[in-house]
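As structure tokens, the structure follows; a few thoughts come after it.
Every chain is numbered from 1 and lettered A, B, ... according to where its sequence line falls, protein lines coming before strand lines.
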2 protein chains.
Amino acid sequence: MEKEILVQKLREKGYKVTPQRRAILEVLLQSKQPPKALEVLVNVRKNFPDISLDTVYRNLNMLTELGVANVINLRGGEASRFELERGQHHHHLVCLKCGIAICLDFCPMDDRDVAAAEKHGFVLAGHVVELYGYCSRCG
Amino acid sequence: MEKEILVQKLREKGYKVTPQRRAILEVLLQSKQPPKALEVLVNVRKNFPDISLDTVYRNLNMLTELGVANVINLRGGEASRFELERGQHHHHLVCLKCGIAICLDFCPMDDRDVAAAEKHGFVLAGHVVELYGYCSRCG
DNA sequence: CTATATGCAAATGCTTTGCAAATCC
DNA sequence: GGATTTGCAAAGCATTTGCATATAG
């Protein structure tokens, strides 16, 4: 999605368009792989030295609630990664050593999830699928 | 697995069998659903009031490294759940409100994970699949 | 005995929150 | 001008760690 479309979306929802928000969107758009909050901070600070980490978190959360961004939960206490929603359901291949996350183009889920949810009286809300391994660099 | 078999396993690996360890195994064995570390603590304290949370964590981690237990990572910062390894690959259905986790008897993964890993030069180590939803109690 | 395990307290890392000052519309 | 955002500082969780003491084998 283009940056101005995203900006427009925020405005429509009644959010103010601050330079910090623009800068965060910019970083998300330019990142080759979904960055962690701290990585967003570091990159935003190159152009916007005074932004704070909590502002980054607040905005990443806001974008997520808006459905504009997704969270990739890593294992244990590791910091989550954030990616702009691409409008296409997908999952990730994550390196256990360096944490790099690669988008996959398939979802392994079939009807059995619906059946299982029904069987246990659950209303299904979604699912998480993450493949873990070691990338070529981390061997 | 029976408790004494587990105890035996620890001994074989050179770990000492302390009353705390026995109590933790007991709680894991008796839990209807995979407990969080804090839940383990509360339950162990019923019979063993002086155990500390860090001992619980240390032992849950030890059991996990040993392959005797598995960790179920919940979303965001939510505390992980621990279950004894049942020797059978499976996944979970987790309630987003109360956090209850139900073991499922299927794995949706097919060969595409291997293909994807290969394509990106990854050595596959495993995967996480969790279905999320709301249980009948939480609506 | 001696290495391992425990309890305590404090530290860590990620993320959130309260509040006064700044700023977008 | 008025509500929303920001930065700061501090708090909140889950989890880990250092260290002196206790304990299993």
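Across the interface with DNA chain C, nearest-nucleotide mapping of B/D54 and B/G14 shows B/G14 to be the residue nearer the 5′ end. Nearest-nucleotide assignment on DNA chain C puts the 5′-proximal partner with B/S52, out of B/S52 and A/R11. Across the interface with DNA chain D, nearest-nucleotide mapping of B/F82 and A/D50 shows A/D50 to be the residue nearer the 5′ end. Nearest-nucleotide positions on DNA chain D place B/G77 closer to the 5' end than the other of B/P19 and B/G77.
A straight line from NZ of A/K13 to C1' of D/dA3 spans 19 Å, rounded to a whole angstrom. For the pair B/L41 CG and D/dT15 C1', the interatomic distance rounds to 13 Å; values are reported in whole Å. Between A/R22 atom CZ and D/dT6 atom P the separation is 13 Å, expressed in whole Å. Regarding A/K16, its NZ atom lies at a distance of 14 Å from the P atom of D/dG1, rounded to whole Å. Distance CD1 (A/I51) to P (D/dT6): 7 Å, rounded to an integer number of Å. The interatomic distance linking B/Q20 (CD) with D/dT23 (C1') rounds to 9 Å, in whole Å. For A/E78 and D/dT16, the CD to P distance is 13 Å, given to the nearest whole Å.
Pairs passing the salt bridge (charged side-chain N to carboxylate O under 4.0 Å, His left out) check and including a residue from residues 111-126 of chain B, sequence neighbours excluded, read B/D110-B/R112.
Ring planes of A/H91 and A/H127: tilted class, angle from 30 to 60°.
In 5' to 3' order, the nucleotides of DNA chain C bounding all contacts with chain B (an atom under 4.0 Å from a heavy atom) are C/dA3 to C/dA9.
Of the residues in residues 56-67 of chain B, those lying under 4.0 Å from DNA chain C by heavy-atom distance are B/R58, B/N59.
Residue contacts shown for A/L53 include a base, since a base heavy atom lies under 4.0 Å away. As judged by a 4.0 angstrom heavy-atom cut-off over every strand, B/T18 is placed among residues touching the sugar-phosphate backbone only.
One N or O on the side chain of B/R21 and one on the backbone of B/K16 form a donor-acceptor pair closer than 3.5 Å. Of the possible polar contacts, one joining the A/R81 side chain to the A/P34 backbone as a donor-acceptor pair under 3.5 Å is found.
Residue B/K36 places no side-chain atom within donor-acceptor reach of the base of D/dA14, judged by atom type and a 3.5 Å distance cut-off alone.
Atom OG1 of residue A/T64 and atom CZ of residue A/F82 lie 5.5 Å apart, to the nearest 0.5 angstrom. Here NE2 of B/H92 is found 7.5 Å from CG of B/L104. Values are rounded to the nearest 0.5 Å.
Hydrophobic clustering, with ILVMFWY side chains joined whenever heavy atoms are under 4.5 angstrom apart, groups B/V71 together with B/L60. Both A/V17 and A/I51 are members of a single hydrophobic cluster when ILVMFWY side chains are connected at heavy-atom separations under 4.5 Å.
Side chains of A/L6 and A/L84 form a contact here, defined as non-hydrogen atoms less than 4.5 Å apart.
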